[in-house]
Number of protein chains: 2
Amino acid sequence: MQQIQVACQNCALARLCLPVALGSEDLVKLDGLIKQPRAIDRNEHLFHMNDPFESLYIVRSGCIKTYTPSPSGEEQVTGFYLPGELFGLSGINSGKQPTAAQALERTNICELPFSKMDDVTQQIPALSQQIIKVMSDELMHDQELLGLLGKKSAEARIAAFLTNLAKRCSKRHLSATEITLNMSRSDIGNYLGLAEETVSRTFTRFVNEEILSVQRREVSILDPERLQKMTCSS
Amino acid sequence: MQQIQVACQNCALARLCLPVALGSEDLVKLDGLIKQPRAIDRNEHLFHMNDPFESLYIVRSGCIKTYTPSPSGEEQVTGFYLPGELFGLSGINSGKQPTAAQALERTNICELPFSKMDDVTQQIPALSQQIIKVMSDELMHDQELLGLLGKKSAEARIAAFLTNLAKRCSKRHLSATEITLNMSRSDIGNYLGLAEETVSRTFTRFVNEEILSVQRREVSILDPERLQKMTCSS
DNA sequence: CGTCTTATTGATTCAGATCAACGACGGTGG
DNA sequence: CCACCGTCGTTGATCTGAATCAATAAGACG
């Protein structure tokens, strides 16, 4: 399997990724730090829970889910990451991964070794600021999700999930109305604190109400406004 | 009302707070940045949602809750902050507060103006690293909470809430078994995605099972091990 | 073509929400 | 110092949304 060298400067995702705030000199330095993308097969793990924390990761293509296996066996899905999105931040302080990361399909990953970061934050102050910003976004995302799981109905959760996904898709110049779900109903349910059957039922209800059209994992959002409104119901 | 000048160097909370990783020179610089503590009365707001993001805040004494008012009127409590804890991180990137912050009792707050931070991260690289660490912890906390709200029973949620609180209390040299709740049952319920009545009922069930003894807002944890175990049930 | 995984649909059950009433403080003002 | 009022917490009765159990359908894939 050949490795295609792709410098951060030329990467199509640069506008979505860490380079977004860096000047061209800093970009060269960043290139020196980033490990070239490596491929991960569907269902393969990038890291497991409690693995030593070594790097930050960025999705280049495909999709990653993170989850925490609980002692009692089940798992809780904590996030889905799309191309250009950075993850693995929550292990920085404790030194070990508080989640596991698994590919939902064949996925390419860029790796930013964090051991070198101590030096780096001094070499590239703009980078440490950028990381702070990414973390801040991640915090906002979590808080949104918390609000959701805290007290919303199944309908509102699904609506918010799809709305959020649409937003992220459009950010990366994909259609905001024609979405492909990379994850199973069961993963969605787990993420949203719902049974997989409830996810299915809610989808069909939305189809009946002509808010969505759903075919397997292809979702068309027919009425984005109404979907948006359902987000904050109950 | 007099302002008592307390330098970070002499602050009793230094070991819990940002200074934890700073050398004495950096500490002096930090002191130059920190605004001296100001008092906030019970129920008063430190900031509202959508206020411009200007500072990071640290609780010196008292207790702060953060919440996001939803368009539909209700609110979702997203966190409680104890002395030594830093909050307000999630607004860094967007430039405005995604939550409101309200005092649960008379509370003293240290303020770290973030406008100066751009310069500061270069002056005190160790500080920006420390902030990254605090954010990482906050991310871990959120993920834990997500796991909780995702699929746990009311019992498990309350158990986890109390266990977490106990941990934080002991970290600040308060008893880990004799806890004073600064928040109402309703706040707890809101935070955990439960009705206030369910919180009450769960407390009394724990009392009957001799896991807790509860008097108003004074909670004694009689059987920490069992409480811990209930954390991951269902 | 058969097998395995994933999704849908139906029937039943149950945990927790909601509605409602009451009790216990704590603060305020007479 | 006590009586009143408002807030907060507890307890009971009922209802309901989503979980669970169970069966079937629809792809995906070798």
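Side-chain atoms are counted along with the backbone in the values below, which use heavy atoms only and exclude waters and symmetry mates. The structure displayed is predicted, hence computed values, not measured ones. In what follows, chains carry the letters A, B, and so on, assigned in the order in which the sequence lines appear, proteins first and then strands, with residues in each chain numbered from 1.
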Check the distance between [N]'s [atom2] and [X]'s [atom1] and give it to me in whole angstrom.
X: B/L104; N: D/dT7; atom1: CG; atom2: P; value: 17 Å
X: A/K152; N: D/dG17; atom1: NZ; atom2: P; value: 17 Å
X: B/Q215; N: C/dA24; atom1: CD; atom2: P; value: 13 Å
X: A/E155; N: D/dG17; atom1: CD; atom2: C1'; value: 11 Å
X: B/L181; N: D/dT10; atom1: CG; atom2: P; value: 10 Å
X: B/E218; N: D/dG9; atom1: CD; atom2: C1'; value: 14 Å
X: B/N43; N: C/dG26; atom1: CG; atom2: C1'; value: 15 Å
X: A/M230; N: D/dG17; atom1: CE; atom2: P; value: 14 Å

Axis-to-axis angle between the two ends of the helix from C/dC1-D/dG30 to C/dG30-D/dC1 (five base pairs per end, rounded to 10 degrees):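 Between the axes fitted at each end of the helix from C/dC1-D/dG30 to C/dG30-D/dC1 lies an angle of 40°.
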Short side-chain donor-acceptor distance under 3.5 Å, A/E105 and A/N182: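 A/E105 and A/N182 do have a side-chain donor-acceptor pair below 3.5 Å.
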Side-chain (A/R226) to main-chain (A/E209) donor-acceptor, under 3.5 angstrom: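 Flag set: sc A/R226 to bb A/E209 pair under 3.5 Å.
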B/T78 side chain to B/T66 backbone, donor-acceptor under 3.5 Å: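 Yes.
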Sugar-phosphate, base or nothing in reach of B/G193, heavy atoms under 4.0 Å: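 Sugar-phosphate, no base atom in range.
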Approximate separation, where rounding is to 0.5 Å, of A/L181 CG and A/L165 CG: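 Nearest 0.5 Å value for the CG-CG distance: 6.5 Å.
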Distance-minimising heavy-atom pair for B/A101 and B/F87: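 The answer is CB-CE1, 4.0 Å.
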Candidates A/L46, A/D51, A/N50 - the one meeting side-chain contact (heavy atoms from CB on, under 4.5 Å) with A/Q97: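 Among the candidates, only A/D51 passes.
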Write out a two-atom table: protein N or O, nucleotide N or O from nucleotides 3-11 of chain C, distance below 3.5 Å.
residue, atom, partner, partner atom, Å
C/dA7, OP1, A/R217, NE, 3.3
C/dA7, OP2, A/R185, N, 3.2
C/dT8, OP1, A/R185, NH2, 3.3
C/dT8, OP2, A/R185, NE, 2.8
C/dT8, OP2, A/S200, OG, 2.5
C/dT8, O5', A/S200, OG, 3.1
C/dG10, N7, A/R201, NH1, 2.9
C/dG10, O6, A/R201, NH2, 3.1
C/dA11, N6, A/R201, NH2, 3.4

Result of checking A/R172, A/R60, A/K65, A/K171 against A/E85 for salt bridge (charged side-chain N to carboxylate O under 4.0 Å, His left out):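 Testing each of A/R172, A/R60, A/K65, A/K171 against A/E85, the sole residue satisfying salt bridge (charged side-chain N to carboxylate O under 4.0 Å, His left out) is A/R172.
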B/R217 atom CZ, neighbour heavy-atom count above 12 within 6.0 Å: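 Above 12, so yes.
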A/S175: partners by side-chain hydrogen bond (donor to acceptor under 3.5 Å, both in side chains), with sequence neighbours left out: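 Applying side-chain hydrogen bond (donor to acceptor under 3.5 Å, both in side chains) to A/S175 gives A/T177.
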